[in-house]
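Below: the structure, in structure tokens.
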Amino acid sequence: MAQAKEINLGCDVKRVDGKKNQYDLYLNTSEMTGTRSDEEYKGVVSIQSDSYSLVIDSSTTGVTSIIKTVIDRTKLAVVERHFIDFKVEGIEPKNLVYSGKCQIKEAPKNQI
């Protein structure tokens, strides 16, 4: 069975505060890179037998910020884990977990 080199997904995720977050997820399994439409940084893709994962590290000198997005390959369920550490005494690091569902997006057709 052939593997897709590019996977385009539209995802709907419910945050802990009840708000929904929608974004497009682009995974390139030949370059092992990926992006999310709501993030400005490119991340690293890994493939497991049952899931794809995308890790985006947008850390700076003063803040550690890592988003790990895991997509179930069969159900297209998505789980996001956000880790944020401001590295300021008295402010605890945050571990946020969101979940939702993705669906395959069709690549746009070439128009003449």
Side-chain angles (χ1 to χ4, degrees):
M1 183 170 155
Q3 278 299 94
K5 290 184 181 178
E6 290 185 7
I7 301 165
N8 299 327
L9 301 170
C11 301
D12 291 309
V13 177
K14 188 173 183 180
R15 300 183 335 192
V16 279
D17 60 8
K19 293 182 181 178
K20 287 194 173 189
N21 188 23
Q22 295 180 321
Y23 56 85
D24 292 333
L25 188 64
Y26 308 100
L27 306 176
N28 184 318
T29 59
S30 60
E31 294 180 10
M32 302 305 283
T33 59
T35 58
R36 286 175 40 152
S37 61
D38 63 341
E39 291 291 324
E40 60 185 271
Y41 299 96
K42 186 181 280 191
V44 177
V45 170
S46 63
I47 303 171
Q48 292 76 37
S49 61
D50 59 347
S51 65
Y52 297 105
S53 68
L54 171 63
V55 177
I56 297 175
D57 185 344
S58 58
S59 301
T60 62
T61 304
V63 179
T64 299
S65 177
I66 299 170
I67 299 173
K68 182 175 183 179
T69 306
V70 178
I71 303 97
D72 181 291
R73 291 175 67 169
T74 306
K75 300 175 190 169
L76 293 181
V78 61
V79 175
E80 296 177 18
R81 288 176 168 53
H82 295 241
F83 175 75
I84 304 167
D85 185 356
F86 292 100
K87 300 179 184 175
V88 174
E89 189 173 328
I91 298 178
E92 293 294 317
K94 292 184 180 184
N95 281 301
L96 308 170
V97 179
Y98 310 136
S99 61
K101 186 89 171 150
C102 296
Q103 54 187 314
I104 296 172
K105 291 186 70 163
E106 293 293 325
K109 303 280 186 242
N110 290 339
Q111 296 183 5
I112 297 175

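Just so it is clear, the structure is predicted and the values come from calculations on it, not from any experiment.
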Would [X] and [Y] show up in the same hydrophobic cluster when neighbours are defined by side-chain heavy atoms closer than 4.5 Å?
{"X": "Tyr52", "Y": "Val79", "result": "no"}
{"X": "Leu27", "Y": "Ile47", "result": "yes"}
{"X": "Val70", "Y": "Leu9", "result": "no"}
{"X": "Leu25", "Y": "Val97", "result": "no"}
{"X": "Ile71", "Y": "Ile104", "result": "yes"}

Neighbour count above 12 (heavy atom, 6.0 Å) for Gln103 CD: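 Incorrect, the count does not exceed 12.
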Heavy atoms from other residues, nucleotides or ligands near NZ of Lys42 exceed 12 (cutoff 6.0 Å):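 Not buried by this count: 12 neighbours or fewer within 6.0 Å.
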Taking every non-hydrogen atom, the tightest pair across Tyr98 and Val13: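 Nearest pair, atom of Tyr98 first, then Val13: CB-CG1, 3.2 Å.
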Considering all heavy atoms, the nearest Met32-Thr29 contact: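 The answer is SD-O, 3.1 Å.
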Derivation and outcome, side-chain contact (heavy atoms from CB on, under 4.5 Å), residues Gln22 and Asp12: CA-CA 5 Å; Gln22 295 180 321; Asp12 291 309; 2.7 Å; yes
Residue pair Tyr23, Glu39: steps toward the side-chain contact (heavy atoms from CB on, under 4.5 Å) verdict: CA-CA 9 Å; Tyr23 56 85; Glu39 291 291 324; over 6 Å; no
Test log, rule side-chain contact (heavy atoms from CB on, under 4.5 Å), inputs Leu54 and Val44: CA-CA 6 Å; Leu54 171 63; Val44 177; 5.9 Å; no
Side chain Arg81, main chain Ile66, donor-acceptor under 3.5 Å: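 Flag not set: sc Arg81 to bb Ile66 has no pair under 3.5 Å.
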Polar side-chain atom of Ser53 near backbone of Thr69 as donor-acceptor pair, under 3.5 Å: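 Not a single qualifying donor-acceptor pair exists.
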Quick one: side-chain contact (heavy atoms from CB on, under 4.5 Å) partners of [X], sequence neighbours excluded?
{"X": "Asp72", "result": "Thr74, Lys75, Ala77"}
{"X": "Asp24", "result": "Tyr26, Ser37, Lys105"}
{"X": "Glu31", "result": "Asn28, Thr33"}
{"X": "Glu92", "result": "none"}

Test side-chain hydrogen bond (donor to acceptor under 3.5 Å, both in side chains) applied to Thr64 - qualifying residues, sequence neighbours left out: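 Applying side-chain hydrogen bond (donor to acceptor under 3.5 Å, both in side chains) to Thr64 gives Lys87.
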When the side chains of residues 55-62 are checked against the rest of the protein, which donor-acceptor pairs come out under 3.5 Å, sequence neighbours left out?
{"residue": "Asp57", "atom": "OD1", "partner": "Ser59", "partner atom": "N", "Å": "3.0"}
{"residue": "Asp57", "atom": "OD1", "partner": "Ser59", "partner atom": "OG", "Å": "2.6"}
{"residue": "Ser58", "atom": "OG", "partner": "Ser65", "partner atom": "OG", "Å": "3.4"}
{"residue": "Ser59", "atom": "OG", "partner": "Ser65", "partner atom": "N", "Å": "3.0"}
{"residue": "Thr60", "atom": "OG1", "partner": "Val63", "partner atom": "N", "Å": "3.4"}

Worked check of side-chain contact (heavy atoms from CB on, under 4.5 Å) between His82 and Ile67: CA-CA 5 Å; His82 295 241; Ile67 299 173; 3.5 Å; yes
Residue that, paired with Glu80, satisfies salt bridge (charged side-chain N to carboxylate O under 4.0 Å, His left out) out of Arg36, Lys68, Arg15, Lys14: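 Testing each of Arg36, Lys68, Arg15, Lys14 against Glu80, the sole residue satisfying salt bridge (charged side-chain N to carboxylate O under 4.0 Å, His left out) is Arg36.
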